[in-house]
Amino acid sequence: MDTHIQVKDLNVYYGKQQALKDVNIEVPKKQITVIMGPSGCGKTTLLKSLNRFLELTDGTRITGEVLVDGQNIYDREVDVTEVRKIVGLLAQRPAPLPMSIYDNVAYGMHIHKMRNDRKEYKAAVRHYLEIAGLWEEVQKRLHDPASSLSIGQQQRLCLARGLAVEPEIILGDEPTSALDPISSQNIEARLLDLKQQYTTVIVTQTLRQAKRLADHVIYMYMGEVIESGPAKEVFTNPKHERTRQYLEGLF
Amino acid sequence: MNDTHPVPPEINEKIEGRSPRPSIAPRARQDQRARRVFFIITLLPVFLILAVTIALLVRAWPILQAYPLGDLLFGQVWKPSDKLFGFGPFILGTLWVTVVGVLLSVPPCLLASIYLAEYAHSATRSFTKPVLDLLAAIPPVVYGVWGLLAIVPFVEKVLAPFAKRWLGSVSIFSVNQPTGFSILSGGIVLAVMIAPLIISVVYEIFATVPNDLRHASLAVGATQWQTIRNIVLPQVTPGIIAAIVLGASRAFGETIAVLIVVGNVPQIPTSIFDSAYPLPALIANNYGDMMSIPLYDSALLGAALVLLVIILIFNILSTLVLQRMLRRKWA
Ligand SMILES: Nc1ncnc2c1ncn2[C@@H]1O[C@H](COP(=O)(O)OP(=O)(O)OP(=O)(O)O)[C@@H](O)[C@H]1O
Ligand SMILES: [Mg+2]
């Protein structure tokens, strides 16, 4: 197994309250890792530690290391915008920017000046809308406001926007929980397509979704990682009592 | 507002007339009465504004009939003893002082509120808020005295010589009189006075932009400044303009602090170092004196009417925009 992200002795505090305790995990390259656990166990916190979103909240304290390709992203010399370019985030609720569909996808590319002229931008926007499975639906209305899309379409737009800055890692915090079943399936299908090229880390509350997506599973409880391993092993033969109970729906 | 509308009496009577349980009726009636009282109390300010406007209109009527409106508003000479009642110098004086005050106030206020809303720690915020409230609570006369003791000498001894030396060729900076009692002094004092209002309103406007949007931009690797410029600022621009207009309307009506430092010379100003005579100062200085001069009383109240109308328009416009923006938070 090729490790892409390695978390070492990570502790996170919100003020006095500790949200993550001595977390040590390894996230394999170009696979889907699913984080599971009961509400409030620290899944979102762990995910946000991977793209340095925790520091957007006042009063968080972080100790330990998060290595992406061996580089600690909390190192002083590391530019946080570079980290976030490499580690993309798909939020729980789709948050289209208040601009056109086209501009949403082009936004990050403009920020990083990734293309040379309009033609290249146009081609890139089309490319990423196709990857997100949205091109067919929006090609005739690229300059409509993004808010005119349905929620499911908005989430795919956000996926396209995130992919457009060419990340290596995609994080998703319950990315389908606000969506209808069809749209959820659509996003799941996209994520499965994309795992050839991207390392993916998804938080989910639904066991069935976890089983459909996961190559690798992390089970958390009360801020600690209880169990982590290949999906087959964890689902069929969990090593820990708590994991077994959770999988059997005893929570 | 909706739930304060009283039930029309005819319906009310029907309800009570048919009531199967008469014991409730007195309580319902009491409730009705309370509602009506509150409704009237809420409407009171509206009545007051109407009453003041009408009273001013009535008292200013003689002068409005004696001279065409254009002559009053644009007339350049104010000499009541010669029956010359031009509001021009006062209206222009008000405009000059207000514009200078707003121009001085807006850039630092915007930067301060952007800092508070987007960058500052919550601790800094919770410390700054009460300080701003305190600044807003300082009585205008104190600002006026501060202006007299600090700003007027500063303008006279530092800014005016500086302008004379370096900016002499630009007419709005030319120094035509030796004192520091000037539009600039009034503007500086006003700038400080309206700053807390502008900062706190603009801060509120920034707070209406959902964090999800900021995060969406940060998540693709935008810097905080790129996020503010590309995402937040376009959302809040109408609100910022409304906040500035609100600050301007406050500046427009400010009387005592300006009156103390602005010189009160009824002339058409051409430079920020000129003295001026704003409308509120005219009214405050003269009402009650020399009332034997015909139409003098009516002219002063006409000036008050002009001031009131300008401020009402400014206020209503900015309030409408701000209300729409602040409501968006709940949408
Ligand atoms: N901004 C914050 N300030 C203080 N405490 C927080 C903050 N965010 C999260 N917490 C606390 O940290 C713990 C972990 O929260 P987190 O959001 O990571 O849980 P989660 O596993 O994502 O839960 P859910 O499944 O409900 O989304 C919780 O106890 C929560 O109350
Ligand atoms: Mg969560």
Side-chain angles (χ1 to χ4, degrees), chain A residues 15 44 47-48 50-60 79-99 103-114 128 146-147 154-155 157-167 169-173 178, chain B residues 112-130 202-242 321-322 324-331:
Chain A
T44 299
L47 205 69
K48 282 182 172 176
L50 304 181
N51 72 339
R52 289 187 52 179
F53 252 42
L54 285 178
E55 62 205 49
L56 299 179
T57 313
D58 274 349
T60 49
D79 179 359
V80 64
T81 60
E82 278 303 308
V83 172
R84 292 181 188 150
K85 183 172 175 294
I86 290 171
V87 186
L89 174 72
L90 194 54
Q92 184 165 7
R93 273 172 303 163
L97 295 169
M99 41 180 83
D103 288 336
N104 260 275
V105 184
Y107 180 73
M109 294 192 283
H110 278 297
I111 292 282
H112 299 289
K113 303 200 170 49
M114 292 168 68
Y128 289 108
S147 55
Q154 286 180 14
Q155 191 65 315
L157 179 69
C158 292
L159 181 63
R161 182 180 66 204
L163 295 177
V165 296
E166 297 171 9
I169 298 164
I170 306 171
L171 309 178
D173 190 358
Chain B
S113 31
I114 289 176
Y115 174 74
L116 280 180
E118 303 289 325
Y119 291 98
H121 271 269
S122 49
T124 317
R125 269 179 225 158
S126 50
F127 162 79
T128 316
K129 277 250 150 187
V202 173
Y203 172 83
E204 293 287 326
I205 298 284
F206 270 87
T208 64
V209 177
N211 268 334
D212 283 1
L213 290 186
R214 295 185 181 88
H215 291 175
S217 167
L218 294 171
V220 295
T223 62
Q224 212 166 348
W225 174 242
Q226 286 170 328
T227 301
I228 294 169
R229 217 193 46 209
N230 295 314
I231 306 300
V232 182
L233 278 181
Q235 297 286 299
V236 297
T237 310
I240 291 178
I241 291 168
V321 175
L322 286 172
R324 277 182 63 156
M325 300 228 29
L326 291 173
R327 247 203 324 261
R328 203 181 52 178
K329 199 193 298 197
W330 314 111

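First the proteins, then the strands, lettered A, B, ... as listed; each starts at 1. Predicted model only: the values in this text are computed from it and were never measured.
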(message) Closer than 3.5 angstrom, by distance alone: can the side chain of T124(B) be matched with the main-chain N or O of A120(B) as a donor-acceptor pair?
(response) no
(request) Could you tell me whether a side-chain N or O of Q224(B) sits under 3.5 Å from a main-chain N or O of E118(B), the two making a donor and an acceptor? (result) yes
(message) What part of P96(A) gets within 4.5 angstrom of chain B, counting heavy atoms only: side chain, backbone, both, or neither?
(response) backbone
(request) Could you have a look at T81(A), L56(A), I86(A) and say which one has the most heavy-atom pairs with chain B under 4.5 angstrom? (result) T81(A)
(message) Below 4.5 Å, heavy-atom pairs only: which of L218(B), L213(B), T223(B) has the largest tally toward chain A?
(response) L218(B)
(message) With a 4.5 angstrom heavy-atom cut-off, is it the side chain or the backbone of V87(A) that approaches chain B, or both, or neither?
(response) backbone
(message) Looking at every non-hydrogen atom in both residues, tell me the closest pair between M99(A) and I231(B) and how far apart they are.
(response) CE-CD1, 3.6 Å
(message) Main chain of N104(A), side chain of R161(A): is a donor-acceptor contact present, judged purely on distance under 3.5 Å?
(response) no
